[in-house]
Amino acid sequence: MRADVLRIYKSVHTWTGIVSGMALFIAFYAGALTVFKEPLERWASPPAQQAALPLEQAQALIVRTLQAEPAAARDFTLHLHDAENVPGRLSWQVRDPEADDHDARHVRHFVATLDAEGRARAQPAAPTQLGDFIDVLHRVVGLPVDNDPNRWVMGVISALYALALVSGVIVLLPSLVKDFFALRVGPNLKRMWLDAHNVVGLVSLPFHVVMALTAVVFAFHDGIYGLQDRLLHEGRLASAFQRPATTAGAAPRDPAAMRPPAELLAAVRAIAPSFEPTAMQYVQATGPRAAVRVWGQDEHALAPRARGGFVVVDPYSARVVNHDSLPGQQSTPNVVISSFFALHMASFAGDPVKWMYFLLGLAGAWLFYSGNLLWIESRRKRGAEPPRRTRWMAAGTIGVCLGSVCGISATVAAAKWLPALVDDVGAGHRWLYYAVFFAAIGWAFWRGSARASVHLLWAAAALTAAIPASSLLGVLAPDAGPWASASGAALAVDLTAAVAAALLAWMARATARRVRHGPSPSVWAAPRPETATGPVAAEGVAER
């Protein structure tokens with residue numbers, strides 16, 4: 001390939017990577033955590049104050065709740081599994097009609113149970129918003145609200161990301177075989193980081209291609225769905241997802257006439273034996289077009305959503321109405337759309353795939369971080385002070401990337417404390433994250449990239465260690481505020497955070513050595529006093 005063509009692609013790869021790199025670091029780091037969104041929510045949820053109502057009494061709970069709270073009939077959920085993050089056996093939400101469907105800030109949650117006399121009692125619920133907040137950071141590359149304009153920004157960044165992938169592969173093609181597994185460890189840190197960057201990028205290339213393409217689809221999915229509906233479904237695609245419309249003036253149906261949940265689940269098992277139901281979403285339960293979406297998972301098939309797939313059942317006849325969104329039984333057009341969700345969200349093949357995506361997500365975050373650092377290092381000239389734009393890019397990279405790590409660790413560690421400190425837990429997560437995030441950016445520009453990188457890595461290690469420390473405090477001093485959970489999911493969160501804290505501490509020590517002993521002048525070295533014979537002799541040794 002001609003040298004001038006390679007230079008063009010190298011320039012494209014460099015600048016598309018720099019423009020999108022810091023935003024993609026946040027998206028990948030937060031996205032790695034959202035793979036285990038449910039364990040995070042279980043870790044952040046207090047133990048239930050009372051045992052959940054047995055499923056055998058679910059029919060009575062539904063009937064009496066709808067009699068006491070008719071508005072709940074519009075959309076309520078019967079939870080089939082008990083966990084810390086499940087607020088009660090039966091729950092529903094009331095949303096501000098003017099709020100965005102993706103904005104959780106305007107939603108009130110309620111749960112219902114039966115008292116000693118068998119009467120339904122509704123009470124407000126406050127489920128943890130930790131998982132949703134981190135998911136929003138992932139979906140809109142660190143922006144605070146999941147709305148259409150921010151999703152479009154994410155789509156543009158993902159398109160740049162795809163362009164950086166293509167151009168990066170083209171740049172490496174001439175030396176692909178020779179350098180594919182080359183990792184030259186030695187005093188030349190720039191070469192070692194470049195080798196590691198190339199190896200990680202090439203090994204995880206299929207994963208990154210999937211992430212880039214699916215992210216663009218998610219950003220502009222409304223237009224894509226509209227086109228698919230018009231070309232393939234003759235305008236009927238949305239019928240499985242929309243709430244059934246009620247007939248004006250029709251009398252409400254008697255909820256006591258609904259079939260018991262066990263009978264509805266039996267109808268689902270008859271057509272899908274390997275499908276594992278997790279929840280039953282009743283929609284317009286007392287209306288003429290009542291429906292129940294039985295949500296669940298099937299590890300042997302692609303799921304159309306992160307929470308799984310669903311079967312639509314008539315709650316009054318127990319007849320299966322629609323199974324177009326059932327994993328393993330979807331039509332070809334639906335499988336195509338579902339594959340985008342499944343491949344992006346790891347909603348297939350169970351925990352092994354989730355752990356693989358978790359590690360690939362962290363590796364992807366490191367890929368963008370290292371790409372910016374390599375660009376900055378390539379601007380350094382021996383004996384010359386780095387220009388202002390290089391110092392600013394270095395400080396911005398350190399502040400944004402490590403600031404997001406610090407912010408996420410801080411808001412996770414605070415999840416067990418916020419309910420007792422603030423009325424709006426969701427706002428507490430947002431304020432804490434962005435306070436830490438912008439403080440880190442300010443610190444990086446004030447102290448410079450070299451010193452700030454050490455300080456912020458130690459801060460990230462301490463804040464990440466605070467996650468298992470909160471649980472430990474819940475064991476040692478349960479009256480102090482936080483709590484500890486003995487569930488396997490919660491313990492896995494604590495263990496993973498402890499390992500991450502140790503790795504961040506190791507990185508802080510290694511970075512401190514680089515700052516003290518690395519070549520100077522450089523954005524990655526602390527300023528050193530001049531000696532009688534010039535700069536410290538170690539610089540010349542390191543340069544060689």
Side-chain angles (χ1 to χ4, degrees), residues 21-33 40 44 105 129-130 132-138 140-145 150 153 362 365-366 368-369 372-373 376 388-418 420-422 424-470 482 497 500-501 503-505 507-509 511-512 514-515 523-524 526-527:
M22 287 183 274
L24 287 170
F25 179 94
I26 299 174
F28 268 71
Y29 188 78
L33 300 182
L40 269 175
R105 294 178 297 175
Q129 297 186 40
L130 175 63
D132 288 336
F133 173 70
I134 297 177
D135 195 18
V136 168
L137 289 178
H138 159 64
V140 292
V141 294
L143 299 172
V145 180
N150 287 349
V153 170
L362 294 180
W366 179 86
F368 302 117
Y369 180 69
N372 273 27
L373 266 58
I376 294 164
R388 180 181 299 176
R389 64 179 181 274
T390 302
R391 296 198 303 270
W392 285 1
M393 176 59 73
T397 298
I398 291 298
V400 170
C401 296
L402 297 185
S404 66
V405 175
C406 291
I408 289 175
S409 292
T411 202
V412 173
K416 296 183 178 184
W417 301 84
L418 286 175
L421 299 175
V422 297
D424 188 342
V425 174
H429 281 299
R430 289 190 295 275
W431 278 103
L432 180 58
Y433 171 81
Y434 286 107
V436 174
F437 177 70
F438 286 114
I441 294 175
W443 187 264
F445 277 94
W446 181 41
R447 301 297 293 169
S449 53
R451 292 190 180 96
S453 61
V454 178
H455 301 161
L456 293 180
L457 280 169
W458 278 118
L463 291 169
T464 306
I467 297 172
S470 293
L503 289 174
L504 288 166
M507 291 173 62
R509 290 173 61 90
T511 303
R514 172 73 168 86
V515 170
V523 294
W524 306 123

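Residues take their numbers from the sequence shown, with the count starting at 1.
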**Request:** Write down the atom of L33, the atom of I134, and the distance for their closest heavy-atom approach.
**Result:** CB-CG2, 4.2 Å

**Message:** Run the side-chain hydrogen bond (donor to acceptor under 3.5 Å, both in side chains) test against T411 and tell me which residues pass, sequence neighbours left out.
**Reply:** H429

**Asked** Of all residues at least two apart in sequence or in a different chain, which pass the ring-ring contact (aromatic ring centres under 6.0 Å, His included) check with F368?
**Response** F28, Y161

**Prompt:** Can you name the side-chain contact (heavy atoms from CB on, under 4.5 Å) partners of A505, sequence neighbours left out?
**Reply:** W458, A461

**Asked** For H138, which residues count as a ring-ring contact (aromatic ring centres under 6.0 Å, His included) partner, sequence neighbours excluded?
**Response** H344

**Asked** Atom CG in D132, atom CG in L137: separation rounded to 0.5 Å?
**Response** 11.5 Å

**Asked** By ring-ring contact (aromatic ring centres under 6.0 Å, His included), which residues pair with W443, not counting sequence neighbours?
**Response** W446, H455

**Counterpart residues, side-chain contact (heavy atoms from CB on, under 4.5 Å), relative to A394 (two or more places apart)** = I376, S449, V523, W524

**Message:** Show every side-chain hydrogen bond (donor to acceptor under 3.5 Å, both in side chains) that has at least one partner inside residues 22-31, sequence neighbours left out.
**Reply:** none

**Request:** Specify the closest pair of heavy atoms between A410 and L432, including all atoms of both residues, with the distance to one decimal.
**Result:** O-CD2, 3.5 Å

**Request:** Measure across A508 and L457 and return the closest heavy-atom pair with its distance rounded to 0.1 Å.
**Result:** CB-CB, 3.7 Å

**Asked** In chain order, what residues pass the side-chain contact (heavy atoms from CB on, under 4.5 Å) check against A512, with sequence neighbours excluded?
**Response** V454, R516

**Message:** How close do A501 and A465 get, counting heavy atoms only, and between which atoms?
**Reply:** CB-N, 3.7 Å

**Request:** Can you sort out the partners of S470 under side-chain hydrogen bond (donor to acceptor under 3.5 Å, both in side chains), two or more places apart, ordered by chain and number?
**Result:** W417

**Prompt:** Just wondering, do I26 and F437 contact through their side chains at under 4.5 Å, heavy atoms?
**Reply:** yes

**Pairwise side-chain hydrogen bond (donor to acceptor under 3.5 Å, both in side chains) hits with a residue in residues 393-410, at least two apart** = N372-T397, S409-T464

**Request:** Specify the closest pair of heavy atoms between A27 and V141, including all atoms of both residues, with the distance to one decimal.
**Result:** CB-CG1, 3.8 Å

**Item:** Pairing residues for A413 by the side-chain contact (heavy atoms from CB on, under 4.5 Å) criterion, not counting sequence neighbours
**Value:** A466, I467

**Fill in**
Here the pair of heavy atoms bringing T511 nearest to S453 is CG2-OG, 3.3 Å

**Request:** Could you name each residue pair satisfying side-chain hydrogen bond (donor to acceptor under 3.5 Å, both in side chains) that touches residues 431-440, not counting sequence neighbours?
**Result:** none

**Request:** Hey, could you give me the CE/CE distance between M393 and M22, rounded to the nearest 0.5 Å?
**Result:** 5.0 Å

**Request:** Please round to the nearest 0.5 Å and tell me the distance separating atom CG of L418 and atom CG of D424.
**Result:** 10.0 Å

**Asked** Is any side-chain heavy atom of Y369 less than 4.5 Å from a side-chain heavy atom of I398?
**Response** yes

